[in-house]
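Following: one structure in C-alpha cells, then a few remarks.
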Amino acid sequence: MRKPPAWRGPVLVLVALAAIFAVAPRLYSNESVLFTMMTFMALAQGLNLLYGFTGYLPFGYVGFFGTGAYATSLLVTFTSLPVIAAVLLGGLAAVVVGLILGPLFRLSGPYFSIANLAASQIIYNVVANEALKPITGGPYGIKIEHVYAPTASYVTMLAILLAATALAAYFRRSRFGLGLRAMHQDPISASLAGVDIVRERLIAWLASAAIAGLAGGAYAWNLSVFYPEAVFTLQISVFAIVFALFGGVGTVIGPLLGAALLYAFYAGIGVSAPQYFELLYGLLIVLLVLFLPNGLASLLTRRKVDVL
Amino acid sequence: MSSEPLLRLENVGKRFGGMTVLHEQSFSLAPGEILGLVGPNGSGKTTTINVISGVHPADEGRVLFEGREIQGLPIFRIARLGINRSFQVPKCFRGMRVRENVEVAATFARRGAADIEAILAETGLASHADDIAGSLTVNQQKMLDLARALATNPRLLLVDEIGAGLNPAELGGIATLLKGLAARGIALIVVEHLLDFLNRVTDRVIVLGAGRMLFEGSLAAASKDPDVVAAFIGG
Amino acid sequence: MRTHVKRAWTACAGALFASGLALSAGAPAHAATAPSEIKIGTLYASSGPFAVASEGQYHGLQYWAAGVNKTGGVFVKAFDKKIPVKIVAYDDQSSTATATTLYNQLITQDHVNILMADFGSVLTSVAIPLAAEHHMLLIDPTGSGANFFTKKTNYLADVSIPSSTVWPLPLAHFILAQKIKRVAIVYGSNDFDASQAETLKTTLEKGGVKPVYYHGVPTTESNYTVLLHTIAAHNPEAVIELGYAPNDIAFLHALAGSGLHFNMTFTIFPGQLLALMEKNVGAKTLAYTYTYPTPPLVAYPKTTLGPNTAAFVKEFTAAEKAAPNFLDAAGFNTGLIMQQMLATAPKFTQLDFHQALMDMSGKTTTLLGEFKINSHGAQMGELLPVAQLVPAGKGVTPVVVYPQDKATGKAIYPAPKK
Amino acid sequence: MALLEYALIGGILYGIFFSLVGIGLNLIFGVMRIINLAHGQFIMLGGFGAYLLARGLGLNPLFGIPLAIAGGIVIGYPLYYGVVPRLQKSQDPEMLSFILFFGIAQMIEAVAVFAFGADQRSLPQDALGSGNIGVLGQEFPDSWWVACLVSVLAILGLYLYFSRTRLGFATRAIMADRDEARATGIDVDRVSAIALIIGIALAGIAGVFVPYLIGSVSSSIGDGLTTTSFAIIIIGSLGNPLGTVVGGLVFGIGTMLMQTYYSSWSNLAPYALLLAIVLVRPSGLLGKAVRRA
C-alpha cells in the first residue's frame, strides 16, 4: 500500500555500482586494485546468496572460484571459443561441481562447511597435481597471456558483480526469497508451509556457485598468468566470508559495503603489512560474532530502517 | 460420507535405530471428524503425527490420504496435498513478523487464497500481526503454529499438545476453535494430555501404549478398559 | 520507509569514492626532464618459503644503493649527471597473488623507472607478463625458470643467476664423469627446480644414464621420510634433491633420521646459504654431500665491473657486520648491472636500457663471473661448478670437484658412512 | 614387500600420533558442542613452544609437554568463561562457535607470524634420540617412536580420566546430556572449562612432535591440521574421543600407503577420506553430524 515499486531500490543500487566502477578507473589508475575489489564484492555477494539466505556457510567457496578460473583458462587454451564464452562456461563448470556436491546438504551447518572445505581442497590438489601437468599445468600454473585484455575482463567482472547483486535483490524481495528465509529459520515449518526446501536450497547453492565460477573465469582472464595457489588459496574464502559478515549477510548492500570498505582498507594499508590484517580480520570476526552477528547493515535494521 | 475415508493408516510401523516405536498402527478418519490420541509419554502419539505429516516417514505400512499413498513423500508435498500440523514445542519463523509467518504458508502451499487477516483474528493474533514471532509468548507461538497451518487451507490438521499451559478460559477458546474447524469439514487429530479438554472436542479417541493401539472408542469407555488402565499405571 | 534504502546506497557509493580517492592520492609524475631520483621498484618476502633468500637479495640491493648514494647517486648517461637512487619496495610474503598486485602498484602507481623482480622463479613469474604488458624491462635477479626464456623479448633480463637450462650442466657432466649409473632425482614442483630437473635428466640420458627415479614433490613439501624409503627401494647411487632452502633442510633432516645412506647426495642451497644450512641441519649431516657453490664460496678474482668477490666480501662484512651470502652478492650484483646499464644507455627509455644490457653481455665480468644474456633474456654465464662439502673444524667447507679447471680437490666418492 | 611393510608399520606409528592430533578437537566437541576451528593453530603453538625451548633455551623439546599443559590452562580458562557460556545461549552455538573460533584461529596465526615469521622451523634432530628403532627390519627415527609413546600415554591418561575420576565421570555425564547433568548438580561450567583446557593442552602436546612427524612447524600449518583432525575424528566417531584412535589409524595407514605408492596424490588423502565418509556413511559413522530435518 505505502510501497514504491519494488524494483526501485535494486535498480538504484545496480546503477550506482555500474556508475562507480565505470568512472573509478579514470580517478585511480591501479586497475588491478579496482578489479580485485570488484572480484571480492562479487564473491562476498555470491557467498551471501547461500550463507545469507540459507545459513549454510560454504567454507570451500574458493573451490568454485578456482574451478571457474581453470575451466575458463583450459577452454581458452584448448578450444577456439571466444574468451567471454569461456568465462560463461567457467560459471557452468562451477555449477556442475555444485551439483556433484549437492549431497553435502545432508550435513548440518558446520559439517557442511568442513566438508565443503575438503571438497575445495580436493579440487585444488587435483588441478595442481604434477600428474596433470600436460593439461592444467599442474603446480607450474597456467598461462593465457595471448588473450590478456584488462579492459574487457574489467567490464566482464563488473557485469558479474551486477548479476550477483541482481540475484541478491531477487532473493531479498521475491516469493522465492521468502521461502529461503523461512527455510533458514525453520526448515521443517517451511516444508509444512509448502516450501520445497531441497529445490530452493539447491537453486541458491547453484546460483552462489555460478557467481564464484564466473568471477573465477574473469579473474583468470585478467591475471592471464597464475599458479593454482592464486585461485585456490583459502584466503579467498576467508575474505569473502569476512567481507560479507562485516557488511551484513542476508541483505543486498551489506556484502557490497563490507567488501568495498574492507578491501579498500586492505589495499590502502594492508598490502604493506598483511599480517596486521589477518590479526584485524580475526579480531573483527570474533567481535562480530559476539556483538554484531548481523553486520553493519544491522545497525540500520535495528533502527527499523528497511535496508535493501 | 464417501466410502473412501480422508485418511487411512494401514499397519504403519516406525523404528528409531533398533527400537520400534510404532507397531502396526491402523485407523481411518473422515472429513470433519476429530480424533483424539492419548497415551503415556513415549507411547507413540507424536510419532504418529510425525509419520502422517512426513516429518519422520513410516518404515512399514501405508498412509493413504484421499486414497493416495503418501508415505515417503517429502513434507512439502504432503503439505500441498492438504495435511498440516502444529508442534508441541512451537516451530515458527522466529525472526519474521507474525503476518509474514502466515504469508509464507499462504504463498507456498498452493491451496487457494487464504484470508490472512481472518486467520490471525481466529487465532487471536491480530493485535500482534506486526510483532516479530520470536517475541511472542510460548502460547502465542503455539497459536501462530496453528495459524501457519491454517493458512495452507488444510483438509487434515494434526494438533500436538496445544492445551498444555493454558488457563481454563483459553482452553475453552481453543476447543471452540477446533470444533469450528471440524464444522468446516477439516479433519483433526488432536494429541492431548488434558483429558477434560479432549472430552470437550471429541468422543472418539485412540489410546496408545508403547507404540501399540490399545483401544479405540469413546474416552469414557477407555477409562474402563483394563489394558488402558494398566498402560497408564505402568507408564 | 524506502527512502532509507536510497540513503543506504548513497552511503555505500560515498564510501567507495572516498576510498578510491584516498588511494589515488599521489598523482602520476611524468618526467620529461631528468628526475630528481631514480626509482627502482622491487618486492621482497619477509616470510614464507622464499623469505630467507629474498631478504638476502633485497639486503644486497640496499647495500649497493647505500654505496652509490654515498657518492651522489648513479651516473645516468641520458642526462649526463649523477642522480640518487631510491628503492621502492613492498613485502609480498612469498605469495604470487600479493606479488601481482604489488608489481602492478609499482608500475601504475609508483611509476618506477626500473622494475626489478623478487627472488626466485615463482615470484618472478607473475611479473613477466605484467612487465611486457606495460613495456617495462624486468630486471630479473634470480628467476631462472626455463620457460621464462622461450621467445625473443626486450622486457626481460636474468642478471644474477644462470638460466635453469644451463645451470645443471656441470652437475650432469660430473655424474657422468664419475660413472654413476643409478641416479634418483626428486625436485620441487616449481619452475626453478622442475626445469633444472628436466635439464639434468635430458643431459644424463644423452650420456646414457637414465634416472632410476624421477619425481616431483610440492614446493611446500616438508616431510621426505617416506619418500626417501621409496627412493631407496630403487637402489640409487646418487640422490639429487632439487628444491628451495626449506625443502633442502627437510630433505637432509629426513635423510639423517632415516638411517639410509647414499654414495652421493646433492642439494642446491648449502651452496647459497651455507651458514643457514649448517645451523639447521648440522655439519654432520652436510658432510660429504654435494652442492653448487656460489660466490662467495667460489671467487672471481678478476672483474671488469665492480669489486672482485674477495673485495666485495671484505667491504660488505665491514659495512654490515656480517659476512655476505650468495643472495647478498646477487642483490649487489643486480645493482651493479643496473648501474652500468644507466651509465651506458644513451636515452632514458626501457628499450635503451635493454639494449645497454645486450651490449654489456659477454664483455662484462663481475663478482658472480661472466655476464652473458641471450635475446630471450636468459643468463648463459655465471655458471656454477659442483662442490663437495667436507668437514673442516666444526663446520664444512666446499671443495670444488668439477669442472677440472676450477677444481680445488678430488671428490670423496662414495661418501663415507657416518 | 619391504616397502609395504614399511608403509604399514609407519602408518601405525603415524596414525597413533595423529589420534593425539585429533583427540582434543573431539573432546571439546563432545563436551561443549563447540567446534574449535582454531585446533590446528593450538597445535602450531605447541610446536613453536617446543621450538623456543629447544632453540632458545637449549632444553629438550619434551619440556614442551608441561609447557603445553600450562598453555592449555592459560588459554583455555579465560577462553571458556569469555565466550562459551555466551555462545551456548545463542540460537545456533555450533555454527557461531565455528565462525568465532575461525576468527580466533586467524588471530593466533597472525600473532605467530609476528613472533616467528612464516618460515618453516625444525627441532634439533637428535633431541629425541638420534638413532633408529627397527621392527621387522623396518627402521623409523627414534623421534617417531617417542611421539607414538607419548600419544599412547596421553590417550591412556584420558581414558583413565574418564573411567576412574569423578571429574571424568561428570564429563561423561555432560557429554550424554548437558541439561540433565546440570540438573543433577554437576558444575557444568567448571567441568567443561577443564575439558576445554585438556583439549587445548592435548593439541599443544601433539604440536611438540609435529616438527618431527611432518618435518617442520610454521605459522601456516594450522588450517591443514584442523581439516586433517576433522577427517580423523569424523572417521572415528564424532563426539567420542576414544573413537579417534580408529580414525587416526585409518588416516595414518592410508596416508602412508598413498605416500609410498602414489605420493603425488597423498595430499588428497585426508580430504578424500573425509568427503567419502560424510557422503557414503553419513549416519553410521557420523552420528550427530547429520541434519535432523
Side-chain angles (χ1 to χ4, degrees), chain A residues 2-4 8-9 12-13 16-17 19-21 23-24 27-34 36-37 128-130 133 138-141 143 145 148 150 223-227 229-231 233 235-236 253 256-257 260-261 263-265 267-268 271-275 297 300 303-308, chain C residues 1-13 15-25 27-28 46-47 90-93 95-105 107-109 111 122 125-130 132-133 145 147 188-191 194-195 215-220:
Chain A
R2 57 216 139 80
K3 295 185 179 175
R8 203 182 71 176
L12 287 175
V13 171
L17 268 182
I20 289 165
F21 282 104
V23 173
L27 302 175
Y28 178 64
S29 60
N30 189 346
E31 262 189 40
S32 115
V33 166
L34 294 172
T36 315
M37 181 186 277
N129 204 287
E130 180 87 20
K133 188 181 170 193
Y140 308 100
K143 295 185 173 68
E145 300 147 281
Y148 180 71
L223 277 189
S224 81
V225 173
F226 60 93
Y227 289 91
E229 166 230 281
V231 293
T233 168
Q235 207 191 24
I236 293 175
I253 57 166
L256 298 177
L257 211 70
L261 288 175
Y263 187 77
F265 196 31
V271 282
S272 48
Q275 65 275 38
L300 295 172
R303 290 177 179 74
K304 307 240 171 195
V305 177
D306 185 14
V307 175
L308 179 66
Chain C
M1 290 285 266
R2 291 304 167 102
T3 51
H4 292 292
V5 175
K6 196 169 157 192
R7 192 190 301 160
W9 75 252
T10 324
C12 166
L16 259 175
F17 267 119
S19 48
L21 290 174
L23 287 170
S24 63
S46 72
S47 58
Y90 298 109
D91 181 1
D92 58 35
Q93 306 234 319
S95 152
T96 51
T98 309
T100 305
T101 311
L102 293 174
Y103 283 126
N104 245 308
Q105 182 77 13
I107 297 168
T108 64
Q109 298 305 296
H111 301 281
V122 171
S125 65
V126 292
I128 294 171
L130 277 176
E133 167 67 21
N147 63 355
S189 298
N190 55 68
D191 291 323
S195 49
H215 190 79
V217 298
T219 305
T220 50

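Here is the naming used below: chain letters follow the sequence lines, and residue numbers restart at 1 for every chain.
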Tell me, out of C/Leu130, C/Ile107, C/Val217, C/Val122, who's got the most heavy-atom pairs with chain A below 4.5 Å. C/Val122
Measure the OG-CG distance between C/Ser46 and C/Asp92 for me, rounded to the nearest 0.5 Å. 8.5 Å
Just how far is it from atom CD1 of A/Ile253 to atom CG of A/Leu12, taken to the nearest 0.5 Å? 11.5 Å
Please walk me through it: do A/Glu31 and C/Thr108 pass side-chain hydrogen bond (donor to acceptor under 3.5 Å, both in side chains)? CA-CA 8 Å; A/Glu31 262 189 40; C/Thr108 64; over 6 Å; no
Starting from the C-alpha separation in whole Å, work towards a yes-or-no answer on side-chain hydrogen bond (donor to acceptor under 3.5 Å, both in side chains) for A/Glu130 and C/Ser189. CA-CA 7 Å; A/Glu130 180 87 20; C/Ser189 298; 2.4 Å; yes
Report which part of A/Lys143 has an atom under 4.5 Å of a heavy atom belonging to chain C: side chain, backbone, both, or neither. side chain
Looking at C/Ile128, C/Thr219, C/Thr100, C/Asn190, which one has more heavy-atom pairs under 4.5 Å with chain A than the rest? C/Asn190
Largest heavy-atom contact set with chain A, pairs under 4.5 Å, which of C/Ser95, C/Pro129, C/Ala132: C/Pro129
Contacting moiety of A/Tyr148, where chain C heavy atoms sit under 4.5 Å: side chain
I need the C/Ser125 OG to A/Phe226 CZ distance, nearest 0.5 Å. 12.0 Å
